[in-house]
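Heavy atoms only: backbone and side chains are in, while hydrogens, waters and symmetry mates are out. None of the values given here were measured: they were computed from a predicted structure.
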Amino acid sequence: MEELVNGRFLPEGVRTFQAVIQRLKDAGCDAVVLGCTEIPLIIFDSNSPLPTLDSTRLLARAAIRRAMG
């Protein structure tokens with residue numbers, strides 16, 4: 001929290017998230033929801049052990065679809 005909300009993206013923070021996601025993968029998860037607006041700043045499909053679902057991006061896309069039609 002002290003890192004991401006202050007714009008500090010340290011490699012050890014990224015590794016911590018990656019380790020947690022790896023444990024979820026090992027437990028049988030198929031994907032991970034990035035449910036905090038700051039997490040997608042450091043975790044994305046290319047550096048995550050699992051596919052990611054960015055909740056902010058998904059909600060924004062749904063709002064646009066609804067507004068358009």
Side-chain angles (χ1 to χ4, degrees):
M1 178 74 170
E2 293 173 8
E3 294 174 23
L4 296 179
V5 295
N6 292 312
R8 295 177 51 215
F9 311 120
L10 304 176
E12 52 270 18
V14 174
R15 286 191 296 271
T16 298
F17 275 96
Q18 289 169 324
V20 170
I21 295 169
Q22 183 61 53
R23 287 197 306 267
L24 292 169
K25 182 178 181 178
D26 294 343
C29 289
D30 296 321
V32 63
V33 174
L34 306 178
C36 174
T37 56
E38 287 85 9
I39 297 171
L41 298 172
I42 61 168
I43 296 293
F44 21 88
D45 281 342
S46 64
N47 74 348
S48 174
L50 286 170
T52 63
L53 301 166
D54 179 346
S55 64
T56 302
R57 186 176 309 248
L58 292 169
L59 288 170
R61 286 181 182 161
I64 291 169
R65 278 193 305 272
R66 182 167 178 112
M68 307 251 336

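Both Ile39 and Phe9 sit in one connected hydrophobic cluster of ILVMFWY residues. Membership requires side-chain heavy atoms under 4.5 Å apart, directly or through other members. One hydrophobic cluster, built from ILVMFWY side chains closer than 4.5 Å, holds both Ile43 and Leu41.
Not counting sequence neighbours, Arg23 has no partner by the salt bridge (charged side-chain N to carboxylate O under 4.0 Å, His left out) test. Considering only residues two or more places apart in sequence or on other chains, Arg61 meets the salt bridge (charged side-chain N to carboxylate O under 4.0 Å, His left out) condition with none of them. Residues satisfying the side-chain hydrogen bond (donor to acceptor under 3.5 Å, both in side chains) test with Gln18, not counting sequence neighbours, are none. Partners of Asp30 according to the side-chain hydrogen bond (donor to acceptor under 3.5 Å, both in side chains) rule, which considers only residues two or more places apart in sequence or in another chain, do not exist here.
Sorted by first then second residue, the salt bridge (Lys or Arg N to Asp or Glu O under 4.0 Å) pairs that include residues 5-18, not counting sequence neighbours, are Glu12-Arg15.
With rounding to the nearest 0.5 angstrom, the CG atom of Asp26 is 12.0 Å from the CD1 atom of Ile21.
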Return a table of donor-acceptor pairs under 3.5 angstrom between the side chains of residues 48-60 and protein atoms on other chains or two or more places apart.
residue: Ser48; atom: OG; partner: Leu50; partner atom: N; Å: 3.2
residue: Ser48; atom: OG; partner: Leu50; partner atom: O; Å: 2.7
residue: Thr52; atom: OG1; partner: Asp45; partner atom: OD1; Å: 2.8
residue: Asp54; atom: OD1; partner: Thr56; partner atom: N; Å: 3.1
residue: Asp54; atom: OD1; partner: Arg57; partner atom: N; Å: 3.3
residue: Ser55; atom: OG; partner: Leu34; partner atom: O; Å: 3.1

